[in-house]
Structure formats: C-alpha cells, structure tokens
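By convention in this document, chain letters (A, B, ...) are assigned in the order of the sequence lines, proteins followed by strands, and residues within each chain are numbered from 1.
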4 protein chains.
Amino acid sequence: MTSKKKEKYAQILDAAQKVIAENGYHGSQVSRIAKEAGVADGTIYLYFKNKEDILISLFQDRLGDLVDMINASIRETRTADEAIRKICEIHFTQLEQNVDMAYVTQIELRQSSLDLRKAIGLAVKPYIELIEHILEKGISEQTFRPDLDVKLTRLLLFGAMDEVVTSWLISGRKYSLSGQVDKTVDFFLRGLK
Amino acid sequence: MTSKKKEKYAQILDAAQKVIAENGYHGSQVSRIAKEAGVADGTIYLYFKNKEDILISLFQDRLGDLVDMINASIRETRTADEAIRKICEIHFTQLEQNVDMAYVTQIELRQSSLDLRKAIGLAVKPYIELIEHILEKGISEQTFRPDLDVKLTRLLLFGAMDEVVTSWLISGRKYSLSGQVDKTVDFFLRGLK
Amino acid sequence: MTSKKKEKYAQILDAAQKVIAENGYHGSQVSRIAKEAGVADGTIYLYFKNKEDILISLFQDRLGDLVDMINASIRETRTADEAIRKICEIHFTQLEQNVDMAYVTQIELRQSSLDLRKAIGLAVKPYIELIEHILEKGISEQTFRPDLDVKLTRLLLFGAMDEVVTSWLISGRKYSLSGQVDKTVDFFLRGLK
Amino acid sequence: MTSKKKEKYAQILDAAQKVIAENGYHGSQVSRIAKEAGVADGTIYLYFKNKEDILISLFQDRLGDLVDMINASIRETRTADEAIRKICEIHFTQLEQNVDMAYVTQIELRQSSLDLRKAIGLAVKPYIELIEHILEKGISEQTFRPDLDVKLTRLLLFGAMDEVVTSWLISGRKYSLSGQVDKTVDFFLRGLK
DNA sequence: AATGAATGAGATTTCATTCAT
DNA sequence: GATGAATGAAATCTCATTCAT
C-alpha cells in the first residue's frame, strides 16, 4: 500500500468507528460510513472486501495498537509483577481515554455475526498470548507460583479485565476506570503467588 | 398462567434453545422455533410479546435455574470459601452438562441487538449480586480481606469464569470444564485473602 | 396446491408477463410485478423461489400450453403432413393472438442469464421431441423420406419457425404471421419428402 | 484509423471474445477485458464509445468475416444450388473451427440487452440479404420454384442453420457440425425446388 | 385459543464510465 | 495517448409481526 492508500484506509476505519459509536452496530450502514469518510460508497470496496472486512480490520487495528503499546511498555519493566501491572494499566487507561473505541470494541462489535466474532477472537489471541508469556516469565523467575496453569490463568486475567471494562461502559462511566487498576492488579498478583 | 399455559411456554423456550443451538442465532427464525415447538407462528405471540421476549425469557429462565441451584447449594455451606467453590463448581458443571444451553447463552445470544444484550445484562445481575453477597459474608467473617472492593471483585470473578466457559466452548470442548474448578477457585481464594 | 393457491400463482405469472411486455426484461423488477399482481413483494416469494423462478415458470407455463394445444390438435389429424401443418399453424396463430406472450418468450426472456436460458432450453425440449415424434411417424408411414435424420430435422423445423416469429415481432408485426403458415409448411413438406 | 490504432482496436476485440468465452457474458466486465488486452480501463473508451459498442463491434467484425468469406466463395460457384451449399458449408465449418467465436456469438452475446440485440440484428441483416440474393438468383435461373417467398425463405434457412449451430454447442459439441451440412442442404434444396 | 397467509421495510455490493494527472 | 482511482445508482430477498378465520 502506498502512503496515500494507507491514509484513505485509516480514514475509512476512523469513520467506521465514529459511525458505530454514534449509531450502534445495526445503525451503521456502509453508505453512512462512506459519507462520514467523505468517499463514495463504492470506494469502500476498493479498500475492503466487504462490510465485515471493515469491522474486522477496525477491531484488529485498534487491538493491535493496544498490544503494540503494551509490548513497548513491558520492555521497560524488570519484573513480571510490573509487567502485569503495566498490562492492566494500559488496558484500562487506553480504553478510558478512547471511549469511542472502547464502546465499539467492547459493546457494538460483539453483537456481530459468528464469523465476525470468530475473526475478532483471532485478533484477541495475540493479546492472550502476551499475557501467557508474562505468566511464564513470572514462573521461571520464581515470582509466580510454579503450579500455575498458564493456559487457564491467562483467561482468568483477560476475562476479569474485559468484564470490568464492559461493566464500566454499561454503567455509564460513572467512575474512573483507571482507578480500578490497583485493586485489580492486587487481586491478580495475590492469585498468581 | 394456568399449568397448560406454562407447559406450552416451556415448550417454546425448549424449542428456541434447540433451534438456536442447531442453527445459530441468525438462523433462528420465529417460524422455525414455532415449527420445532409444534405450534403455529402466530401462537408464539400469544405467549411472548415478540422475538426478543423469547430470547430474554430463555436466558432468564436458564440463568435463573443456575442461580436457584447455586443458592440452594450455598445454604449447605458453612464458610465463604466453600461458597465460592460451590459457585464455580456449579457454574462449570452445569454448563458442561448442558452444552446446548451453554452454547446458546455464552455464544449465540451474545451476538444479539443491544436492547437484548441489555436485558441479558439485567438477567445476569442477580448472579453478580449473589457473588457480591458471598464476598461480603467472607469479609464480615474475616475470611476475606477487609479492603476488598466487592463491587469490583464480583466482576473480576464473574468475568474470569465467563471467559473460561466461552473459551472452553470455542476451543471445541477438548478438555474438561469442571476440571478447571480447583485451579480457578485456588486463584480466586488467594486473590480474596 | 389448493385452488386458491393456484389462482394467485397464475395471477403473478400473468402480472409478470404484462410487466415484462410493457417494461422489458431489465425494467421488470420484482416489486413492479408484485404491484401489478396486487400482492406484496414478499408474497411473491411464497409462490416462487426467486425472480428467476418466476421467469422460468412463466416460460414453462406458456410453452406448456402451446404444446398441450398442439398435442390435442394433432390427435385429430390422420397424416403426418396434416400434423406438421397443425404444428406450424398453432405455433404461428397462437403467438399472433398473444402478442404479449410472443414478445416475452421470443424476445425478452432470451436476454436472460445463462442459467435461465438453460432452463428455458429444457422447457423447449418437449416441443422439439413432439416434432421428432411426428417426423418418425411420417417416416414409418412412408410419407416422409426414410433417410431423414430426425434429430437434425427437428432442429431445422423448430429453428425455422422460431426465426420467422422473432423476425415478425422485430419488424413490428407489419404483416400477418399466420399468413406465413402455408408457405412455411410447403417448404417443410418438400424438404421432408 | 492509423494502423497502430487498428491494432489496438483488434487487440481489444480479441480480448473481449476470449474473456466472454471464458467467463460468460455476465462475467465479462470492462476492466477484465482491459486487463486481458493489456491496456488500462480508460483506454477502452478511446477506442469504443461504451461497453455495448465493444460487443456490437465484436459481433459485426466476426460476422463480417463470415459474410466476406461466403461472398468470396460464392463468386466461384456456377449454380444457386452450389451457392446454397457453400453458404451452409462455410457457416458450419467456420463456427466449428472457431468454437470461442461460435460460443460468444451464438450463446453469450444473445443474453444481452435489447438495444444490443437490435444492433446484432442489424449486423445479421447483410447475411440474410446475401441468402435472399442467392434465392433470387436461383429463381431467375429457374433452379428454384418461382413461387418462393424469398423474404420468408431466407428466414427459414437462416433460422434453421442458426438453431443447428446453437444446439450443437449446447449439446457439448459431441458430434461433427460440418457433418450436418449435406443433410441440411439436402433439406433446403428440396424445399426450394 | 390457534392458525398461517400475507405483509413491506430496508441495505449490500457491483461495475460502467469519468477525468485529473 | 494512456492511466486507474473514484464514482454512485439501483434491486433482490428475508423475516418479524398481524389479523381474518
């Protein structure tokens, strides 16, 4: 992709996120996204295979950014404890700072067809594996219990954080999401040791 | 509702669960549910307000059974530790024994419209509150940490268990779900203390 | 099909023929046909699988009527000569008397997708075989040449008649189609002897 | 048109024939033809007014070649009988030797819009008139019946040959098309005398 | 109470054609 | 002369719900 192409690609994804955040998943027609992006309906199909492809790409792109950010941040940590804290901190902080993105990825995109949800599941995998990696590190460093089942525990951590974010959104964001980091991490670390 | 009414009501819910389990959320037309239930399309609307009402009722009914079962079981426990274990045990065991129900409530019904998801959220609330109740009991009995944030922690527990079940289903149920109880409860109890 | 069903079925086919005759193949949207038939768009799909199914059914129905009529008429003939004459006579007369039908089956329906044209080809087969049957009869009665290739000749007859009808329609029906019967049959019978 | 222009013009027509033969009428987008011809989409419009113009030109070009060939060949014949034979012989032989062209002109191009079919009708006219010319010659030479209706008969001959070719293609070319010449001409000549 | 035939709104996607470069 | 990215109109079909019987 040339830089010009990339620009329009990103432009359409941004438009999709905005439209979905404003109108909900079922109120987000391709024509609406096209209008918001300032392109013709047909142009969408020069950049995406179909509507589903827009949504998958949107999820992958946003989650990819999150994972990149976490990865970068983790490199600067020394201990697995710190890494776990970083993960939760960035997870909660980023979604708190990007409410549109949070709303779209946590709520709207989940009410999609099974195929789309499977694709979303695949996009989540690298994140889950990132958590697993930290768990293994913690075990080998003897920070975490040696009897931890990393495959199970990664799900416990991800599921717990995911539910907290969703609940925060549904409640109407009446409290600080990043304010939950300490207590959440505290719970996690106790469970890991 | 007369007993005869109740019967047909349950009959339609059972049909809905079967049809959704077999054909997925989007392949589950009202007419198909009617056919499976052995009634005419129009009859459905004598028992339910609309399609959404069937699905909400289905979710409420199934989850209600689960909560009832947990409540009954908890009454026989002495400590909060035991209660937490019972919750996870029944949660995992019941869904493992009712794959259709698990599949429908964990996977299919979640790809529904926002309104429906909100209603489902409401149906989950009693369960979440049940967990909260146990947590409070544990704190007052000085089994759990006094600094626990029960509102947050109930989400952590529910989200973690929920993710484990979903992941087990998506993976193709290649391992025992009830086999995860010990490790999951272990993780929880450490976090709670 | 009950009689009531049959009625609406025929009603839709009649509407389809009228709409196609008036607006051409590409101007004949399902919604237009539904409107002309006085039913809702969706009702069409209670009687036909899809749009193509309407068109195939229309062709089959009309051609079926023609073949039925010819079959009935042939039973009253003694010789193969007479039968050939009857075929041509009914073919030309019927299409002359039902210009809408002629226009739709000769011109409009032929500009359809390959699948539809294949289905139309199948519908024509009984007619072609009817001609073949007469040819065989003529040969066995020693009215026609014994060296006739019936598989080839049936095509020659059908193709010739078909072209005459199409040409008559495209010319704007400036002359009598039934007026071509004698000369056409004359040509055929000489070729057959 | 300069020679260079002519070249690209022919190049696009060849590409069109190939693409239609391979993908069918409805699978033949302008962009596909452009790609096959090795030019940009826009370039097509420097040589043809629109898509229809390509198809009409294609049909005219191919049929023109056939008529030219027949005309040249007829000049070498003495009698109208011989000429009729030549017409049928070249018609069948050429299409048998150029299956792509046969397929495109007999099957694919006929499922086109009415305007296109009318233009195709015009392209066929010189061929029909060529047949008419031979018929008149035969009558004036007293080889053919003086009571022949040449306007009608030319249609009978063309329609008959056309149907034979189409049927041969649809049947999957399981027999020799040129092998039908003798029997076809035999039928024609008897009818003409 | 039960039926089931009829309704009708609503959105994705394709592709011929244009025009700035 | 050549390019190819962008345009935007247009139609099938599904399915929740109703209501006359």
Side-chain angles (χ1 to χ4, degrees), chain A residues 2 4-5 7-8 12 26-35 37-55, chain B residues 2 4-5 8 12 26-35 37-55 113, chain C residues 2 4-5 7-8 12 26-35 37-55, chain D residues 2 4-5 8 12 26-35 37-55 113:
Chain A
T2 68
K4 213 176 161 187
K5 269 214 149 180
E7 218 170 87
K8 201 160 274 190
I12 293 171
H26 286 104
S28 299
Q29 296 80 3
V30 171
S31 60
R32 225 164 187 167
I33 295 173
K35 201 173 187 180
V39 300
D41 292 16
T43 305
I44 297 274
Y45 292 87
L46 297 175
Y47 294 86
F48 299 92
K49 220 171 56 223
N50 50 33
K51 186 182 179 181
E52 197 166 72
D53 191 25
I54 308 174
L55 305 177
Chain B
T2 69
K4 210 176 164 189
K5 262 211 150 177
K8 202 163 273 191
I12 293 171
H26 285 104
S28 298
Q29 295 80 10
V30 170
S31 60
R32 222 168 190 163
I33 294 172
K35 199 174 188 181
V39 301
D41 294 13
T43 306
I44 297 273
Y45 291 86
L46 299 174
Y47 294 85
F48 298 91
K49 214 171 64 221
N50 50 32
K51 185 183 180 181
E52 201 165 69
D53 190 26
I54 308 175
L55 304 178
S113 78
Chain C
T2 69
K4 211 175 161 189
K5 268 216 150 181
E7 218 170 85
K8 202 159 273 192
I12 293 170
H26 286 105
S28 298
Q29 296 80 1
V30 170
S31 61
R32 227 167 186 161
I33 294 172
K35 200 173 189 180
V39 300
D41 291 16
T43 306
I44 297 274
Y45 293 87
L46 297 175
Y47 294 86
F48 299 92
K49 217 172 55 221
N50 50 32
K51 186 182 179 182
E52 197 167 69
D53 190 27
I54 308 174
L55 304 178
Chain D
T2 68
K4 211 174 163 189
K5 263 211 151 178
K8 200 162 272 189
I12 293 171
H26 285 105
S28 299
Q29 296 79 7
V30 170
S31 60
R32 222 168 191 164
I33 295 173
K35 199 173 189 181
V39 300
D41 293 15
T43 306
I44 298 273
Y45 292 86
L46 299 174
Y47 294 86
F48 298 91
K49 215 168 66 221
N50 50 31
K51 185 182 182 183
E52 199 166 71
D53 190 26
I54 309 174
L55 305 177
S113 78

Positional range of nucleotides in DNA chain E within the contact set of chain A, heavy-atom, under 4.0 Å: E:dA11 to E:dT14

What dot-bracket string describes DNA chain E from 5' to 3', counting Watson-Crick and G-U wobble pairs whose defining distances are under 3.5 Å, with [ ] for crossing pairs and | for pairs to another strand? .||||||||||||||||||||

What are the residues of residues 37-44 of chain B, sorted by number, that bring a heavy atom to within less than 4.0 Å of DNA chain F? none

So how far is it from D:I44 CD1 to D:K8 NZ, rounded to the nearest 0.5 Å? 10.0 Å

Can you see which heavy atom on A:I33 is nearest to which on A:S28, and at what distance? CD1-O, 4.5 Å

In terms of heavy-atom contacts, D:Q29 and D:K51 come closest through CA-NZ, 4.5 Å

Minimum-distance pair of heavy atoms, taken over all atoms of B:Y45 and B:N50: CE2-CA, 3.8 Å

Closest nucleotide of DNA chain F for D:K8 versus for B:N50: which of these residues is on the 5' side? D:K8

Across the strands shown, which category fits A:V30 at heavy-atom distances under 4.0 angstrom: base, sugar-phosphate, nothing? base

Send over the distance from D:F48 CZ to F:dA2 P, rounded to a whole Å. 13 Å

NZ of C:K51 versus C1' of F:dC13: gap in Å, rounded? 12 Å

In Å, rounded to the nearest 0.5 Å, how long is the span from NZ of A:K49 to CD1 of A:I54? 11.5 Å

Distance, rounded to the nearest Å, where C:H26 contributes NE2 and F:dT12 contributes C1': 14 Å

So which atom in C:D53 and which in C:F48 form the shortest heavy-atom distance, rounded to 0.1 Å? OD2-CA, 3.5 Å

Quick one: B:R32 CZ to F:dA16 C1', roughly how many Å, whole number? 15 Å

Sorted by position of nearest nucleotide on DNA chain F, 5' first, the leading residue of C:Y45 and B:K49 is C:Y45

